[in-house]
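Each chain gets a letter, A, B and so on, in the order its sequence line appears, and its residues count up from 1.
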There are 2 protein chains.
Amino acid sequence: MEKNAALPIFEALSSGIRLDVFRLLVRVGPAGMVAGELSTALDIPPTNLSFHLKTLAHAGLVSAEQEGRFQRYRANMALMRELIAYLTEECCAGAPELCGIDACASGLNC
Amino acid sequence: MEKNAALPIFEALSSGIRLDVFRLLVRVGPAGMVAGELSTALDIPPTNLSFHLKTLAHAGLVSAEQEGRFQRYRANMALMRELIAYLTEECCAGAPELCGIDACASGLNC
DNA sequence: TCTATAATTCAAGCCTTCTAAAAATATTAA
DNA sequence: TTAATATTTTTAGAAGGCTTGAATTATAGA
């Protein structure tokens with residue numbers, strides 16, 4: 001993952017509302033949720049939620065699928081895995097021999 | 001890590017300048033860099049850099065140490081590891097049996 | 001077709017962040 | 001002590017994000 005791809009993801013996750021939306025979508029898994037359900041579950045006005053869903057979708061963290069007159073949203077787990085890989089690389093840049101994920105976990109400064 | 005701890009970290013990483021500063025500090029490792037070196041290396045006015053360093057320090061991503069009249073900054077690798085652990089948990093919430101980090105890496109939707 | 005429902009877009013006001021110049025603080029060296 | 005240097009804080013304006021109500025689009029059903 002490039003810096004220019006990671007940046008909008010961090011921006012998307014830097015709002016409490018959007019982090020809540022994403023975590024909820026992760027918890028419900030592949031079933032996802034339609035916009036109205038999200039609005040009710042998180043107690044966020046539909047118009048405001050739509051704004052944040054757009055930001056999340058633009059960053060690629062959620063996908064939207066038309067379902068009759070509903071719009072179903074799902075978390076993009078693949079992108080989250082890529083983000084974790086990016087952060088792991090950043091953590092170890094410049095000293096890869098000291099800092100496999102195991103070395104990191106063992107408390108070395110890497 | 002709690003949501004309220006993760007949020008300011010995402011906020012801190014959601015600026016291109018701050019992401020550059022952090023990645024540079026990761027690369028130079030435990031030696032760290034003083035503010036003036038960072039300003040020159042990244043071509044950012046000292047006053048602006050100081051603003052962003054403050055944000056990074058507030059999120060805990062960098063530490064500052066007085067060194068004579070210089071201020072030496074270092075990346076906080078431990079917090080980055082905690083953030084990676086938090087994201088890994090979020091990734092797997094609700095279906096832990098499907099989604100160890102290995103399962104995630106193998107491409108399962110988790 | 002007509003009505004109801006789901007979701008988004010639009011528009012406005014408010015608030016926060018970003019950037020950089022100027023001033024202030026603190027340390028070193030002469 | 002005095003001057004010079006390193007850095008931060010303050011201050012101000014500019015820019016962009018957040019929130020909400022009203023209007024709009026699109027679909028389902030009578």
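Val34(A) forms part of a hydrophobic cluster together with Phe70(A), judged by ILVMFWY side-chain heavy-atom separations under 4.5 Å.
Take Arg72(A) and apply the salt bridge (charged side-chain N to carboxylate O under 4.0 Å, His left out) test, not counting sequence neighbours, and it matches Glu67(A). Remark: Pro46(B) pairs with Ser39(B) by the side chain to side chain contact (heavy atoms under 4.5 Å, CB included) rule, at least two apart or across chains. Annotation: side chain to side chain contact (heavy atoms under 4.5 Å, CB included) contacts of Ala64(B) (sequence neighbours excluded): Gln71(B), Tyr73(B). With sequence neighbours excluded, the residues satisfying side chain to side chain contact (heavy atoms under 4.5 Å, CB included) with Glu65(A) are Arg74(A). Residues forming a side chain to side chain contact (heavy atoms under 4.5 Å, CB included) with Ala78(A) (at least two apart in sequence, or on another chain): Asn76(A), Arg81(A).
Within residues 50-61 of chain B, the residues that place at least one heavy atom under 4.0 Å from DNA chain C are, in residue-number order, Phe51(B), His52(B). Within residues 4-14 of chain A, no residue places a heavy atom under 4.0 Å from DNA chain D.
You'll find that the side chain of Gln71(B) is closest to dT7(D), out of dA20(C), dT20(D), dT7(D). Distance from the side chain of Asn48(A) is smallest to dT19(D) among dT19(D), dA7(C), dC10(C). Among dG21(D), dA7(C), dT8(C), the nucleotide with an atom closest to any side-chain atom of Tyr73(A) is dT8(C). Distances from the side chain of Phe70(B) to the nucleotides dA6(D), dT8(D), dA7(C) place dA6(D) closest. Residue Ala35(A) has its side chain nearest to dA7(C) when only dA22(C), dC18(D), dA7(C) are considered.
Look at CD1 on Ile44(A): it is 12 Å from P on dC18(D), rounded to the nearest Å. Put simply, CZ on Arg72(A) is 14 Å from P on dA6(C), counting in whole angstrom units.
Residue pairs satisfying the salt bridge (Lys or Arg N to Asp or Glu O under 4.0 Å) criterion with at least one member in residues 2-19 of chain B, sequence neighbours excluded, are listed as follows: Asp20(A)-Lys3(B). Evaluation of the salt bridge (Lys or Arg N to Asp or Glu O under 4.0 Å) test over residues 35-64 of chain A, restricted to residues two or more places apart or in two chains, returns none.
Across all strands shown, Arg18(A) has heavy atoms under 4.0 Å from sugar-phosphate atoms exclusively, and none from any base. At a threshold of 4.0 angstrom between heavy atoms, the contacts of Ile17(B) are confined to the sugar-phosphate backbone, with no base atom among them.
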Taking only N/O atoms, report every protein-nucleotides 25-30 of chain C pair under 3.5 Å with atom names and distance.
from	atom 1	to	atom 2	distance (Å)
dT28(C)	O4'	Arg69(B)	NH2	3.4

